[in-house]
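All remarks here apply to the structure that follows.
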Amino acid sequence: MTDTTKFWAVVPAAGVGKRMNADRPKQYLLLAGKTVLEQTLLRLLQADVFSAISVAISVEDPYWPELEVASHEKIITAPGGKERADSVLSGLKSICAMASDDDWVLVHDAARPCLTSSDIHHLINSLVDDEVGGILALSSHDTLKNVQGTSILGTLDRSHIWRALTPQMFRYGMLKNALEAAEGNLAVTDEASALELLGLQPKIVEGRPDNIKITRPEDLALAQFYLEQQ
Ligand code: CTP
Ligand code: MG
């Protein structure tokens, strides 16, 4: 890594939160006195490593302009896309005039507000000399079954199975190329899978279990609990 290598963050925040089943997208639900999205962005700003943070926001989103953080000097707004990968690509394009191909980008879900500075620095320190980059991940504690309908076909070897979290950290140029090559491929649900399709092998870095993604209503109370504990 050269001294001029920069770090950027891209935050996809253009989802509708269907599984949350609330009156607004889940990133605008209140969590410990702020919206989920504000909590997430605060965490990234506090890490104090990013040259800028590009946030992908749905073009019909009336909530974002109301947030104070939307006008923060380090925050850039990009138009959201149809799928998560489209939103991430849009975020990458919004910094193309400033970012170099060799810079690092950390992509982090708006819906993961319990990310700690320690995990951000752990990911960066673990991967900064890596050729490809990688992701925060968690091993599975439960025994995992391969199931068809309701019948168990077998038990998976858990030692090879990891749950993908965010942030996911890749070089700007490589990630943009990979997402462009994968455009329209619905199997690309995270950044790593776009690089895997190019035959590359991203690394995993063990993350903290409190870095949960708010997906269903019960997750909000759990996130509140984790924030209080941290
Ligand atoms: N996201 C995005 N653009 C999309 C879809 C999702 O930026 N077109 C973002 C979400 O806002 C979220 C992250 O990607 O921060 C992870 O997606 P997910 O948890 O699936 O959120 P939603 O798609 O909003 O939720 P659901 O799938 O339940 O509708
Ligand atoms: Mg979704």
Side-chain angles (χ1 to χ4, degrees), residues 8-32 34-45 50 52-67 69-70 75-95 105-115 119-120 123 135-138 163-170 175-176 178-180 182-194 207 209-224 226-227:
W8 306 87
V10 168
V11 176
V16 295
K18 205 161 84 192
R19 287 168 288 182
M20 199 71 194
N21 203 15
D23 67 344
R24 64 195 64 194
K26 61 189 178 186
Q27 56 272 31
Y28 297 111
L29 295 175
L30 279 182
L31 169 65
K34 294 188 172 65
T35 62
V36 168
L37 180 53
E38 286 173 298
Q39 295 285 12
T40 302
L41 294 176
L42 215 62
R43 298 285 165 136
L44 292 169
L45 287 165
F50 301 111
I53 301 168
S54 179
V55 189
I57 297 288
S58 165
V59 284
E60 288 143 26
D61 182 333
Y63 304 101
W64 173 245
E66 302 292 321
L67 301 185
V69 74
I75 301 277
I76 294 165
T77 307
K82 191 162 171 280
E83 305 295 336
R84 182 184 175 283
D86 303 315
S87 296
V88 173
L89 187 54
S90 169
L92 291 175
K93 286 177 178 166
S94 75
I95 54 170
V105 182
L106 275 71
V107 179
H108 182 62
D109 287 330
R112 292 185 190 272
C114 304
L115 174 67
D119 252 4
I120 296 173
L123 181 70
I135 72 173
L136 283 181
L138 269 184
R163 292 157 52 201
L165 312 178
T166 73
Q168 303 205 350
M169 169 172 157
F170 295 104
L175 179 58
K176 189 160 166 282
L179 287 174
E180 278 170 346
E183 259 187 289
N185 183 341
L186 294 180
V188 174
T189 52
D190 71 348
E191 289 55 63
S193 52
D210 56 1
N211 181 13
I212 60 165
K213 185 166 69 113
I214 293 179
T215 305
R216 297 178 194 280
E218 60 271 23
D219 298 330
L220 210 52
L222 189 58
Q224 171 110 26
Y226 282 140
L227 288 183

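Atoms within each ligand, like the ligands themselves, are counted from 1 in listed order. These values consider heavy atoms only, across backbone and side chains, with no hydrogens, waters or symmetry-generated copies.
The protein heavy atom nearest to atom 21 (O) of ligand 1 is Lys26 NZ, 3.2 Å. Closest to atom 12 (C) of ligand 1 among all protein heavy atoms lies Pro12 O, 3.7 Å. Ranking protein heavy atoms by distance to atom 1 (N) of ligand 1, first place goes to Gly15 N, 3.5 Å. For atom 13 (C) of ligand 1, the nearest non-hydrogen atom of the protein is Asp109 OD1, 3.4 Å. The closest protein non-hydrogen atom to atom 20 (O) of ligand 1 is Arg19 NH2, 3.0 Å. The protein atom (non-hydrogen) at minimum distance from atom 22 (P) of ligand 1 is Gly17 N, 3.7 Å.
For the residues Met20, Arg216, Glu83, Arg84, the heavy atom positioned nearest atom 14 (O) of ligand 1 is part of Arg84.
Short contacts between ligand 1 and Ser87, defined as distances under 4.0 Å to a heavy atom of the residue, involve ligand atoms 2 (C), 3 (N), 4 (C), 7 (O), 8 (N). Residue Lys82 approaches ligand 1 through these ligand atoms, each under 4.0 Å from one of its heavy atoms: 8 (N). Near Lys213, the atoms of ligand 1 lying under 4.0 angstrom from a non-hydrogen atom of the residue are 18 (P), 19 (O), 20 (O). Near Lys18, with a cut-off below 4.0 Å to any heavy atom, the atoms of ligand 1 are 25 (O), 26 (P), 28 (O), 29 (O). Shown in contact with Gly81 at under 4.0 Å from a heavy atom are these atoms of ligand 1, numbered in order with element: 4 (C), 8 (N).
Counting heavy atoms from C-beta outward, Ile75 and Ile53 have side chains that approach closer than 4.5 Å.
At least one donor-acceptor pair closer than 3.5 Å links the side chain of Lys26 to the backbone N or O of Ile214.
By the 4.0 Å heavy-atom criterion, Thr215 is excluded from the residues contacting ligand 1. Residue contacts with ligand 1 leave out Arg112, since none of its heavy atoms falls under 4.0 Å from the ligand. By the 4.0 Å heavy-atom criterion, Ala56 is excluded from the residues contacting ligand 1.
Distance CG/Leu67 to CD1/Ile57: 8.0 Å, rounded to 0.5 Å. The distance from atom CD of Gln27 to atom OG1 of Thr35, rounded to the nearest 0.5 Å, is 9.0 Å. Distance check: Thr166 OG1 to Asp119 CG gives 10.0 Å after rounding to the nearest 0.5 Å. Atom CG of Leu138 is separated from atom CG of Leu165 by 4.5 Å, given to the nearest 0.5 angstrom.
Partner of Val107 under the side-chain contact (heavy atoms from CB on, under 4.5 Å) criterion, out of Leu175, Asp190, Val11: Leu175 alone.
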Let me check something: any side-chain donor-acceptor pairs from residues 88-95 under 3.5 Å, sequence neighbours excluded? List them with distances.
from, atom 1, to, atom 2, distance (Å)
Ser90, OG, Pro79, O, 2.5
Ser94, OG, Ser54, OG, 2.7
Ser94, OG, Gly91, O, 2.7

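For Glu60, the CD atom sits in a loose shell: 12 or fewer heavy atoms of surrounding residues, nucleotides or ligands are nearer than 6.0 Å.
Of all non-hydrogen atoms in Tyr63 and Asp23, the two that sit nearest each other are OH-O, 4.1 Å.
By the side chain to side chain donor-acceptor pair (under 3.5 Å) test, Glu191 pairs with Arg84, sequence neighbours left out.
Considering backbone and side-chain N/O atoms, Ala14 comes within less than 3.5 Å of an N/O atom of ligand 1. When only interatomic distances are considered, the shortest N/O to N/O separation between Ile214 and ligand 1 does not fall below 3.5 Å.
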